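The block underneath contains the structure these notes are about, expressed in structure tokens.
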Amino acid sequence: MLKTFPIGGIHPADNKKWSAGAAIQRFALPESVSIPLSQHIGAPAVACVAKGDKVLAGQVIATAGGFVSSNIHSSVSGTVTAVDTIVGANGLRVPAVTIKVEGDEWVEGVDLSDTLISECNLEPKAIVEKIAAAGIVGMGGATFPTQVKLSVPPGKSAEYLIINGVECEPYLTADYRLMLEKGEELLVGVRILARALGVKKSFVGVENNKPDAIARLQKLVGSATDVEIVPLKVQYPQGGEKQLIAAVTGRQVPSGALPIDTGCVVQNVGTAYAVYEAVQKNKPLVERIVTVTGSAMQKPANLLVRIGTPISSLLAHCGGLPEGGVKVIGGGPMMGRAMSNIEAPVMKGSSGVLVLRSEETLRGEEGDCIRCAKCVDACPMGLEPYLLANVSKQKMYDMAEQHFIFDCIECGCCTYTCPSNLPLLDYLRLGKAEVMKIMRARKA
Amino acid sequence: MENKMIISPAPHVHGPNKTQRLMLDVLIALVPALVVSTVVYGLRVLALTLFSVCCCLLFEWFIQRYMLRGKLTINNLSAVVTGVLLAFNLPVNIPLWMVAIGALVAIGVAKMTFGGLGKNIFNPALVGRVFMLIAFPVAMTTFPEAADAISGATPLTMAKEALKNGVPVAEVMQSVSIKDMFIGVESGSIGEISALALLLGGLYLLWRRVITWHIPVAVLGSMGIFSLITWLIAPEAYMSPLFHLMGGGAMLGAWFMATDYVTSPMTPKGSIIFGVGVGVITMLVRLWGAYPEGMSFAILIMNSVVPLLDKYILPKRFGAPAKK
Amino acid sequence: MGVLGYTILTLCVLGAVLAAVLYFVAQKFKVEEDPRIDEVEKMLPGANCGGCGFAGCRGMAEALVKNDDISALYCPVGGGDVMKAVADYLGKAAPEREPQVAVVRCAGSCANRPRTNQFDGAPSCAVVAATYGGETGCTFGCLGKGDCTAVCEFGAITMNSETGLPEVDDEKCTACGACVKACPKGVIELRKKFPKSRKVYVSCVNKDKGGVARKSCKAACIGCGKCAKVCPFGAITVENNLAFIDSTKCRLCRKCVVECPTGAIVEVGFPARKPAEEGEKPAAKPATKPAAPATEKAAAPAVEKPAAEPKNE
């Protein structure tokens with residue numbers, strides 16, 4: 001029996017076939033990049049360049065704006081043409097630095113070669129500092145600044161490092177290709193992270209629908225015991241932090257607590273690779289692998305893209321948008337965000353660009369709740385989505401709180417499974433935000 | 001604007017579940033029972049079922065269109081399911097006008113007065129059935145002789161009468177055959193005569209994941225255990241567990257009536273409590289009540305407990321603090 | 001006869017016993033309460049709309065009775081008359097406030113503000129606002145999903161299917177402020193109510209720079225500031241590329257309306273202007289909906305009637 005998480009879950013069609021076979025391809029430098037100042041959870045970074053400045057690739061253009069924040073580096077060399085706002089993927093304006101690309105010169109000290117450097121003798125503190133300086137954030141999409149996650153609060157200790165190679169979102173293959181093609185670097189990154197945390201044991205959780213990635217990593221690990229590759233039963237949302245910890249270790253993060261309370265720290269495979277590059281090669285986080293996919297795309301691909309490249313250019317490279325109604329999603333189909341503006345740039349958390357035709361994505365007509373309990377069965381947190389959605393809609397926030405709405409991880413299983421096409425999560429999310437606000441106010 | 005962009009919050013894809021499809025699966029699962037019944041009782045079974053379905057559809061359409069003034073709901077097939085289940089609970093030779101009244105009570109009173117699908121407290125088909133049982137007691141309990149059955153009474157009725165008159169169990173068992181009850185050649189309501197056909201349908205529902213195992217297993221399990229205990233204590237006065245599981249509405253009730261989405265609890269634990277309640281009440285009525293069969297009453301009684309179960313029995317929560 | 005007699009007797013005795021029980025229970029568990037609260041509650045409109053800030057009229061009544069200074073309490077539904085009656089009854093100074101009315105500050109109709117995408121989520125403005133900028137190029141204006149109409153207890157605000165915008169019926173609007181709270185974009189504002197439902201206001205909340213705003217909506221305020229210059233009463237301020245007319249300072253002179261180059265400033269409820277100065281503005285009849293800019297002219301009359309007629313006693 002393969003391991004998996006204990007409660008709920010769904011089995012959406014994984015649809016990874018479109019892009020799974022496409023090797024990682026370096027995407028051409030765009031004419032200009034727009035690098036948003038808030039690409040992570042926490043305080044936005046503060047720009048430290050001005051219009052007209054010449055910058056090099058890898059140069060810091062904005063510094064962390066707080067404890068939970070992250071440095072931002074220029075992904076190209078060229079001239080800063082604006083430090084202003086741009087229209088983000090959701091149509092709203094966000095502050096960003098726009099740079100006109102001129103050549104491709106990097107700051108000194110960055111090792112751009114492919115040579116593998118597996119030795120790392122830095123002190124944990126130095127590693128964390130290097131990671132912070134390189135502006136690394138959680139690459140799975142949550143974009144939580146990595147150095148914060150590596151700073152274990154006093155009184156708590158990390159026992160296991162769990163690397164998330166699950167990629168449970170359908171369609172996406174960026175992590176899969178990374179594990180296949182950059183397995184060695186990835187494992188070095190894992191060991192550096194383990195060193196930084198001072199843990200003896202690391203697990204890499206990979207879902208069983210990627211047998212070649214599991215085999216590849218297992219071969220690379222060989223007889224070493226500090227890293228273990230854990231094949232997992234395919235079930236969404238296994239990539240959720242709490243679900244993954246439960247699947248790998250059997251420990252459940254208590255309601256309201258953090259993963260570190262179970263002695264676990266979870267990092268994405270993409271993050272581990274970025275850590276390798278930052279620590280061993282002095283290369284800050286300025287590019288990432290983006291899956292561009294969808295049944296309607298002519299040439300689905302996994303592209304290594306500089307941060308700030310317009311998404312429209314990736315789409316054009318992969319054959320352009322199909323005719324008719326389309327939904328362009330940043331991320332996967334379960335938790336990704338639909339875009340209204342495809343000129344928006346690729347960001348640190350952009351794991352994929354998914355194009356769905358209207359018939360694949362349009363929601364059916366809303367019916368009445370038939371109390372079938374399928375949402376209750378599907379909820380990986382053991383909540384009652386039908387009830388929470390309803391009380392959220394009625395603004396009965398105390399009731400929502402009594403039924404643990406704050407535990408919701410917004411995975412979308414409930415909406416996915418509802419036979420009446422009810423937008424359960426749409427309302428639930430509103431209610432959760434409102435309840436969290438009330439709870440914070442009460443604490444303060 | 002060469003492309004029209006579509007935007008929505010996540011998730012952006014939807015699973016295969018559709019209300020209509022779930023209802024269709026229930027109908028498919030009821031086909032074996034319908035076939036057996038048609039073979040045993042003849043074509044009137046089909047006519048009766050069709051008539052009941054048409055009545056339910058008509059009433060639902062009419063009420064939705066002219067009284068509730070909501071959008072059309074008959075295409076979600078729930079009224080068809082109610083119609084079939086109502087027919088399945090009737091004797092084959094019941095007059096059609098009574099069926100029409102039963103359908104009116106089922107759809108009009110039990111379902112639409114609460115606001116339609118999803119809002120009713122009681123199983124509509126059962127409310128219709130129980131109303132008819134009380135309003136037309138003779139027509140509802142007069143069963144024609146099935147193919148080679150020896151009497152017009154259902155095995156349950158016969159056993160009850162016989163046991164009341166002090167006839168020992170062994171003698172009663174001479175006139176009924178568990179095998180016949182299983183296959184479906186004893187007399188009874190048109191849908192409940194064949195335990196085998198119903199079991200097949202139930203397994204289909206389980207396989208299609210339309211229902212979960214909790215309710216049927218709890219109902220049949222508690223009935224089995226209950227009757228086993230009485231049977232072990234006094235084998236000469238009480239019928240065997242097998243007799244009770246095969247007889248009457250046990251199978252139809254456990255697989256199709258108690259599992260009705262709208263009127264059953266939302267959580268696995270709640271479902272088990274609900275199922276055990278149905279099983280125990282059914283046995284109480286069968287053994288010591290005035291009626292030979294108690295499944296309908298048991299389900300209706302437990303239906304009324306469902307809101308309470310939903311309020312107090314919560315699903316197992318991820319990361320919930322361990323109880324002291 | 002015997003049966004009937006017993007029945008009547010039993011019921012009478014039962015009734016008497018239960019009445020006695022009820023009486024003693026009521027005495028025993030009686031909650032001492034200022035009887036004036038009941039009286040005040042009766043004087044309040046009983047809409048339980050929450051416009052006063054309390055959950056219902058009862059809470060408001062309690063506060064009115066308990067607080068010595070009731071100047072901060074005001075029932076927008078009952079208005080000055082009710083407050084005066086309550087204050088007289090309680091012997092306190094009546095709080096005075098000018099009557100207000102809700103105004104929808106967006107003219108982004110389908111014609112003015114073309115849709116650039118299609119929203120496929122739950123039909124709620126709050127959900128749209130939490131998801132992205134909205135179905136049009138303008139990320140500030142009305143989202144058109146009708147959260148405001150859903151919360152209105154008085155049926156005073158309705159969606160106009162032609163324009164896709166909500167419309168306020170001034171007669172029914174009690175200025176309770178529920179719609180103001182419900183609107184995630186802050187499009188609706190409570191403004192001073194002038195006689196004959198006249199109003200002059202900036203029907204736009206877009207804070208984008210002029211060019212950007214104009215591109216997404218023909219009726220957008222571009223923040224040019226001409227209105228502020230022409231205003232003799234200093235009622236107009238321009239901030240973040242957006243003009244705002246303070247209704248407490250405005251005297252309805254309508255000079256700004258003529259000056260506005262995009263028609264973002266709207267006048268409602270005035271008699272027709274002389275042809276010479278009419279310009280682009282439509283002549284709105286008294287007590288009707290916000291007169292829309294020229295492009296909406298055709299649609300306006302068609303929707304005036306149904307919006308005004310239902311449920312008006």
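Because only heavy atoms are used, hydrogens play no part in the values below, and waters and symmetry mates are left out as well, while side chains stay in. Chain identifiers are assigned alphabetically (A, B, ...) following the order of the sequence lines, protein sequences preceding nucleic acid strands; residue numbering begins at 1 within each chain. The model shown is predicted, which means the values in this text are computed figures rather than measured ones.
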Is it the backbone or the side chain of [X] that comes under 4.5 Å from a heavy atom of chain B, or both, or neither?
{"X": "A/Lys242", "value": "both"}
{"X": "A/Leu356", "value": "side chain"}
{"X": "A/Asn421", "value": "both"}
{"X": "A/Cys372", "value": "both"}
{"X": "A/Pro254", "value": "both"}
{"X": "A/His403", "value": "side chain"}
{"X": "A/Tyr386", "value": "side chain"}
{"X": "A/Leu383", "value": "both"}
{"X": "A/Leu362", "value": "side chain"}

If I measure from the heavy atoms of chain A, does [X] come under 4.5 Å with its side chain, its backbone, both, or neither?
{"X": "B/Leu117", "value": "both"}
{"X": "B/Asn76", "value": "neither"}
{"X": "B/Thr212", "value": "side chain"}

(request) Among A/Gly367, A/Gly336, A/Pro380, single out the residue with the greatest number of heavy-atom pairs under 4.5 Å to chain B. (result) A/Gly336
(message) Which one wins on heavy-atom pair count under 4.5 Å against chain B: A/Lys374, A/Met339, A/Arg251, A/Glu384?
(response) A/Lys374
(message) I'd like to know if A/Asp426 and A/Arg363 make a salt bridge, using a cut-off of under 4.0 Å between side-chain N and carboxylate O.
(response) yes
(message) Take a 6.0 Å sphere around CD of A/Glu365 and say whether it holds more than 12 heavy atoms from other residues, nucleotides or ligands.
(response) no
(message) For A/Ser392 and A/Glu434: C-alpha separation, side-chain torsions, deciding distance, then whether side chain to side chain donor-acceptor pair (under 3.5 Å) applies.
(response) CA-CA 9 Å; A/Ser392 296; A/Glu434 213 52 49; over 6 Å; no
(request) Could you note down all residue pairs passing salt bridge (Lys or Arg N to Asp or Glu O under 4.0 Å) where residues 399-410 of chain A supplies at least one of them, sequence neighbours left out? (result) A/Glu401-A/Arg442, A/Asp407-B/Arg317, A/Glu410-A/Arg429, A/Glu410-A/Lys432
